[in-house]
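Shown next, in C-alpha cells, is the structure this report addresses.
Sequential numbering from 1 along the given sequence is applied to the chain's residues. These numbers come from a predicted model, not from an experiment.
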Amino acid sequence: MLLSAFAYAHFVNLADAETREKPSAEAVVASPVLGSYNYKAADFFGLSNAMLTEFARSEIAEIAKVQRDQELTISVPAAAEAENGERLRQWEKVAARSAAIADAFESAGQNGNLIVLDMPEKLVSAVKQSDDIKLTFAEPDEALLKN
C-alpha cells in the first residue's frame with residue numbers, strides 16, 4: 001500500500017503543470033462567508049435551558065435584517081453534562097438550542113430552507129475549548145433553494 005502511495009505521488013509529480021492544476025480547479029469551492037457572528041452560550045440561553053434570552057432575540061432580529069436570503073449555518077457547542085439535576089441532557093440541549101435559534105431566524109423572515117444546523121458528530125461530557133455559538137452566513141447553495 002505504501003508503495004502504491006509513492007507511485008501515485010511520483011506520477012502526479014511527473015504530470016505537466018496544466019494537468020496538475022486541472023484537479024484543483026475542479027475541486028469543490030466553498031461558498032464565501034458573507035457574515036459571521038460569535039456569541040457566548042450564556043448570552044443566548046440560561047444555564048440549563050433552551051429558551052432564548054431577550055438579548056438573543058434582539059440580536060437575531062437585527063442580523064436577519066442584514067443577512068437576508070443567505071445560507072445560515074448554526075453551530076451550538078456541546079457543553080459538559082452537569083450532575084446537578086439539569087433538566088436537559090447534553091444532546092437534548094444542543095438540539096433544542098439549535099432549533100430555538102433556527103426558529104427565531106425563521107420567525108424574523110429567514111427562509112427555513114436556507115438554515116443548516118451544524119450538529120457535533122459526537123457528544124461527549126468533556127468541556128469544549130470554545131463555548132461560542134457561531135452563526136455563519138454564505139451564498140445560498142442552489143440545492144437548498146430548490147427545496
Side-chain angles (χ1 to χ4, degrees), residues 1-2 4-81 88-147:
M1 189 181 287
L2 186 58
S4 298
F6 284 125
Y8 175 76
H10 176 71
F11 286 116
V12 168
N13 285 331
L14 288 178
D16 61 5
E18 183 180 336
T19 304
R20 282 194 304 252
E21 290 297 319
K22 185 177 180 184
S24 64
E26 294 173 353
V28 176
V29 177
S31 298
V33 173
L34 300 175
S36 182
Y37 304 84
N38 292 339
Y39 296 96
K40 296 290 181 199
D43 292 339
F44 262 44
F45 300 101
L47 182 61
S48 66
N49 65 46
M51 293 182 62
L52 289 169
T53 63
E54 284 304 315
F55 169 78
R57 290 189 183 285
S58 66
E59 286 291 302
I60 289 170
E62 289 301 313
I63 293 169
K65 291 177 188 175
V66 177
Q67 306 288 163
R68 190 167 299 283
D69 299 325
Q70 297 172 4
E71 180 181 319
L72 165 61
T73 302
I74 300 169
S75 178
V76 174
E81 283 189 20
L88 297 176
R89 291 189 47 97
Q90 186 182 48
W91 65 270
E92 292 172 317
K93 192 184 301 184
V94 170
R97 287 180 171 185
S98 299
I101 294 170
D103 182 57
F105 269 103
E106 236 180 317
S107 295
Q110 175 74 11
N111 180 345
N113 291 333
L114 298 177
I115 298 175
V116 178
L117 302 181
D118 181 20
M119 302 293 283
E121 289 180 24
K122 187 177 189 180
L123 296 178
V124 294
S125 291
V127 177
K128 294 193 125 201
Q129 290 180 353
S130 172
D131 67 343
D132 286 354
I133 291 172
K134 295 182 177 111
L135 307 173
T136 308
F137 290 87
E139 286 293 330
D141 184 4
E142 289 182 31
L144 292 173
L145 290 172
K146 292 178 183 177
N147 291 333

Applying side-chain contact (heavy atoms from CB on, under 4.5 Å) between Ile101 and each of Leu117, Val76, Ile115, Leu72, report the one that passes.
Val76

In short, Pro77 meets Val94 closest at the heavy-atom pair O-CG2, 3.8 Å

Taking all non-hydrogen atoms of both residues into account, name the closest pair between Ala108 and Ala61 and its distance.
CB-CA, 4.4 Å

Before giving the answer on side-chain contact (heavy atoms from CB on, under 4.5 Å), spell out for Thr53 and Phe45 the whole-Å C-alpha distance, their side-chain angles and the decisive distance to 0.1 Å.
CA-CA 6 Å; Thr53 63; Phe45 300 101; 5.6 Å; no

Distance from Glu106 atom CD to Asn111 atom CG, nearest 0.5 Å?
7.5 Å

To the nearest 0.5 Å, what is the distance between OG on Ser36 and CG on Leu135?
8.0 Å

Any non-hydrogen side-chain atom of Ile60 less than 4.5 Å from a side-chain atom of Tyr39?
no

How close do Lys134 and Asn38 get, heavy atom to heavy atom, and via which atoms?
CG-OD1, 3.2 Å

Would you name the heavy atoms of Gln70 and Pro140 that are closest together and state the gap between them?
CA-CD, 4.3 Å

Can you name the nearest heavy-atom pair linking Ser98 to Met119, along with the distance?
OG-SD, 3.7 Å

Which distance, rounded to the nearest 0.5 Å, do you find between the CZ of Arg57 and the CZ of Phe44?
10.5 Å

Under a 3.5 Å cutoff, is there a donor and acceptor pairing between the side chains of Gln67 and Tyr37?
yes

In Å, rounded to the nearest 0.5 Å, how long is the span from CD of Glu71 to CD of Glu139?
9.5 Å

Main-chain N/O of Asn49 paired with Arg97 side-chain donor or acceptor, under 3.5 Å
yes

Given Phe137 and Ile63, is the side-chain contact (heavy atoms from CB on, under 4.5 Å) satisfied, shown in steps?
CA-CA 10 Å; Phe137 290 87; Ile63 293 169; 3.5 Å; yes

Could you walk me through whether Asp118 and Thr136 pass side-chain contact (heavy atoms from CB on, under 4.5 Å), step by step?
CA-CA 10 Å; Asp118 181 20; Thr136 308; over 6 Å; no

Heavy atoms, side chains only, cut-off 4.5 Å: are Val116 and Ile74 in contact?
no

CG (Leu52) and CG (Asp43) are apart, to the nearest 0.5 Å, by 12.0 Å

